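Since the structure comes first, as structure tokens, the remarks are kept for the end.
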Amino acid sequence: MVDVLLGLQWGDEGKGKIVDYFAPKYDIIARFQGGPNAGHTLYVEGKKVVLHQIPSGIFHQNTLNLIGNGVVLDAVTFKKECESVAAFGVDYRKNLYIAQRTNLILPTHRALDKASELAKGNDKIGSTLKGIGPAYMDKTGRNALRVGDILDKDFMAHYEKLKAKHLELIKGNDFDEEITAWENEFFTAIEFLKTFKIVNGEYWINEQLNAGKTVLAEGAQGSMLDVDFGTFPFVTSSNTISAGVCTGLGIAPQKIREVIGVTKAYCTRVGSGPFPTELFNETGEELRKIGGEFGATTGRPRRCGWIDLVALKFACMINGVTKLVMTKADVLDAFDELDVCVSYKIDGKETDQIPFQMAKMQIDPVYKTFKGWKIDSSALKTAAELPGVMNEYIGFIHEYLGVSVNYVSNGPGRDQLIEIK
Ligand code: GDP
Ligand code: IMO
Ligand code: MG
């Protein structure tokens, strides 16, 4: 049985914290897509850790972790992450498995990412520049090197061929020095990667499932960044939605049970692209300040705004969400009033559906306003303690989306999560 936990907005919903909380209930935590563009924040023994590629179950002794075939793996970032995890006394090799079919990010992929963004100028995506897009292009273009290939005697020849192809594409850009520096780190990291349990991921996970083990698939990014259903072209290059779990791990759809969707109590986005409820005023600034809304991977300030139920309903539909987790409710403590977007006005017409080309239209959000709860909610422990106005806010979201909010997160700590039964 596989449960899925994924982000319903534009990423950074607090997935890392929630996976870390649920991890002890599962035998295996598996990443199925994305790469080091992800930054999942956890607090372990009161200390902050940001994971990019290692599944968020790594801090739990009895949980196995799988980096699935749908991920694009940067060996250099991976090595650094392993070192940061080791500082907590975790034996990271013991419980971590990597699928042979996982695609590798090469130093030239990062250079290609940079070149692509430079060429786009004002239309740039705001990529994390980790080489994600070019690595997935080499996968669908059928050129990529995969983790299993590092054990192959032809690895270097294949690498040089691909590198030459990439260099041809970025001719004219001055990336030589950077590429050489990245390469040095890369080959050391590849040797490091060889010391891990590199497995046939699809057999491994299906054998585990057949033996009755439970899996939590940990999504990266968010549904509105999905390459097919997100705000294209301002998206990432993988399928971030629940469907990506099947192709990203090699499991059949009927193995999936719950789809747990994570949403902030408001909304953020980092990078370019449409964001109808974005606030350009003081309220937006307040959300950023109180919520500490700065990218976990790049440190960039996140764009902030009110919760967007049109986008959330779309995400619930595409993913088949069965349970909702609402994070960062405590960030709204200080506000007198809270707006909730219930529809979009486009060309004078109101709609509750996500249009095809969001990037090319003027979308005016239509809001319903709620009273703020104006208490310090971060100390609350049980559903019974939630103030009435907060229950109204949560209740409306439940009703609008047709999915119940089963958990409310009221702080970054492991213990700051309230279950609503
Ligand atoms: P992810 O990419 O979805 O794992 O999310 P990030 O780690 O990028 O960003 C979420 C940020 O919010 C992190 O700094 C978390 O520590 C923090 N966080 C998570 N849940 C809560 C919450 O309920 N309240 C507050 N105040 N912060 C939270
Ligand atoms: P987590 O897992 C938020 C955004 C980038 C950019 C776009 C494309 O922490 O939620 P890419 O590097 O994939 O070429 O960038 O997607 N992006 C994220 N935004 N959280 C993430 O991951 C993201 N990963 C990518 O900012 O707009
Ligand atoms: Mg993040």
Side-chain angles (χ1 to χ4, degrees), residues 5-21 31 33-44 47-53 55-56 71-72 74 105 109-110 112-114 116-117 120 124-137 218-227 230-238 240 261-266 268-275 287 289-303 325-333 376-378 380 407-418:
L5 187 142
L6 42 73
L8 298 178
Q9 299 168 312
W10 282 280
D12 303 328
E13 296 88 351
K15 300 175 290 293
K17 168 191 155 157
I18 307 300
V19 174
D20 179 52
Y21 172 85
R31 280 279 308 268
Q33 49 70 231
N37 49 349
H40 296 179
T41 313
L42 284 63
Y43 280 85
V44 183
K47 281 199 216 118
K48 180 173 163 173
V49 198
V50 180
L51 294 176
H52 302 285
Q53 298 167 108
S56 300
V71 169
V72 284
D74 177 340
I105 299 181
H109 283 138
R110 292 210 232 171
L112 281 164
D113 217 356
K114 267 195 172 177
S116 159
E117 285 285 78
K120 282 181 193 265
K124 71 171 188 195
I125 289 164
S127 165
T128 60
L129 303 177
K130 303 289 179 194
I132 306 296
Y136 278 115
M137 278 165 74
E218 172 181 4
Q221 289 81 56
S223 305
M224 298 309 283
L225 287 170
D226 180 271
V227 66
T231 47
F232 192 86
F234 301 98
V235 293
T236 190
S237 297
S238 62
T240 59
V262 187
T263 171
K264 277 178 185 160
Y266 50 101
T268 64
R269 168 161 210 171
V270 61
S272 335
F275 179 5
L287 283 171
K289 207 170 77 200
I290 303 171
E293 296 296 357
F294 295 89
T297 298
T298 58
R300 291 178 292 177
R302 293 179 185 144
R303 300 156 62 192
V325 180
M326 189 175 94
T327 59
K328 304 192 91 160
D330 54 303
V331 174
L332 298 184
D333 286 355
D376 173 9
S377 69
S378 67
L380 304 181
Y407 292 89
V408 173
S409 170
N410 56 339
R414 251 184 199 169
D415 56 342
Q416 289 173 301
L417 193 68
I418 298 169

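Nothing fancy with the numbering, it's 1 onward along the sequence. Every value quoted in this text rests on a predicted model; they were computed, and no experiment measured them. In each ligand, atom 1 is the first atom listed, and ligand 1 is the first ligand listed.
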Should the proximity of [X] to ligand 1, defined as any heavy atom under 4.0 Å, be assigned to the side chain, the backbone, both, or neither?
X	result
R302	side chain
N410	backbone
K17	side chain

Flag R300 as yes when one of its N or O atoms lies below 3.5 Å from any N or O atom of ligand 2, and as no otherwise.
yes
Can you confirm, on distance only, whether ligand 2 has an N/O atom lying under 3.5 Å from any N/O atom belonging to V270?
yes
Scan side-chain atoms only and decide if [X] and [Y] contain a donor-acceptor pair under the 3.5 Å cut-off.
X	Y	answer
Q416	Y43	no
S56	E218	yes
S377	D333	yes
K17	T327	no

Proximal ligand 2 atoms for [X], defined as those under 4.0 Å from one of its heavy atoms:
X	answer
G126	5 (C), 6 (C), 26 (O), 27 (O)
W10	3 (C), 19 (N)
A220	2 (O)
K15	1 (P), 2 (O), 10 (O)
G39	1 (P), 9 (O)
A38	1 (P), 2 (O), 9 (O), 22 (O)
G271	27 (O)

Relative to the Mg ion (ligand 3), how many protein N, O or S atoms have a separation of less than 2.8 Å?
2
Looking at ligand 2, is there an atom of it that comes within less than 4.0 Å of some heavy atom belonging to [X]?
X	value
Q221	yes
R302	no
G7	no

Residue selection (non-hydrogen contact nearest [atom]) among [options]:
atom	options	value
atom 17 (N) of ligand 2	D12, L225, T236	L225
atom 8 (C) of ligand 2	T128, N37, V235	V235
atom 11 (P) of ligand 2	G11, S127, S237, G34	S127

Salt bridge check, D74 against K130: does any charged N sit closer than 4.0 Å to a carboxylate O?
no
Near Y43 (heavy-atom distance under 4.0 Å), the atoms of ligand 1 are 16 (O)
Applying side-chain contact (heavy atoms from CB on, under 4.5 Å) between Q221 and each of L6, N37, D12, V227, report the one that passes.
N37
Closer than 4.0 angstrom: is that true for some heavy atom of [X] and an atom of ligand 1?
X	result
G411	yes
Q416	no
G7	no

Please round to the nearest 0.5 Å and tell me the distance separating atom CG of D113 and atom CE of M137.
10.0 Å
For the OG1 atom of T263 and the NZ atom of K328, what is their distance to the nearest 0.5 Å?
12.0 Å
Without swapping roles, check the side chain of [X] against the backbone of [Y] for a donor-acceptor pair under 3.5 Å.
X	Y	value
S223	W10	no
R269	P274	yes
E117	T128	no
E293	P301	no
T240	G222	yes
S272	I125	yes
Y21	G413	no

Shortest non-hydrogen contact between [X] and [Y], atoms and distance:
X	Y	value
R300	G271	NH1-CA, 4.0 Å
V235	G230	CG1-C, 3.6 Å
Q33	A220	OE1-N, 2.5 Å

For [atom], the protein heavy atom that lies nearest, with its residue and separation:
atom	result
atom 7 (O) of ligand 1	T41 OG1, 2.5 Å
atom 2 (O) of ligand 1	G39 O, 2.8 Å
atom 26 (N) of ligand 1	D330 OD2, 2.8 Å
atom 23 (O) of ligand 1	S409 OG, 2.5 Å
atom 10 (C) of ligand 1	D12 O, 3.7 Å
atom 4 (O) of ligand 1	G16 N, 2.8 Å
atom 12 (O) of ligand 1	K328 NZ, 2.9 Å

Can you list the residues that meet the side-chain hydrogen bond (donor to acceptor under 3.5 Å, both in side chains) rule with D20, with sequence neighbours excluded?
H60, R414
Please report whether ligand 1 has a polar contact with K15, defined as an N or O pair separated by less than 3.5 Å (distance criterion only).
yes
Does any N/O atom on G11 come nearer than 3.5 Å to any N/O atom on ligand 1?
no
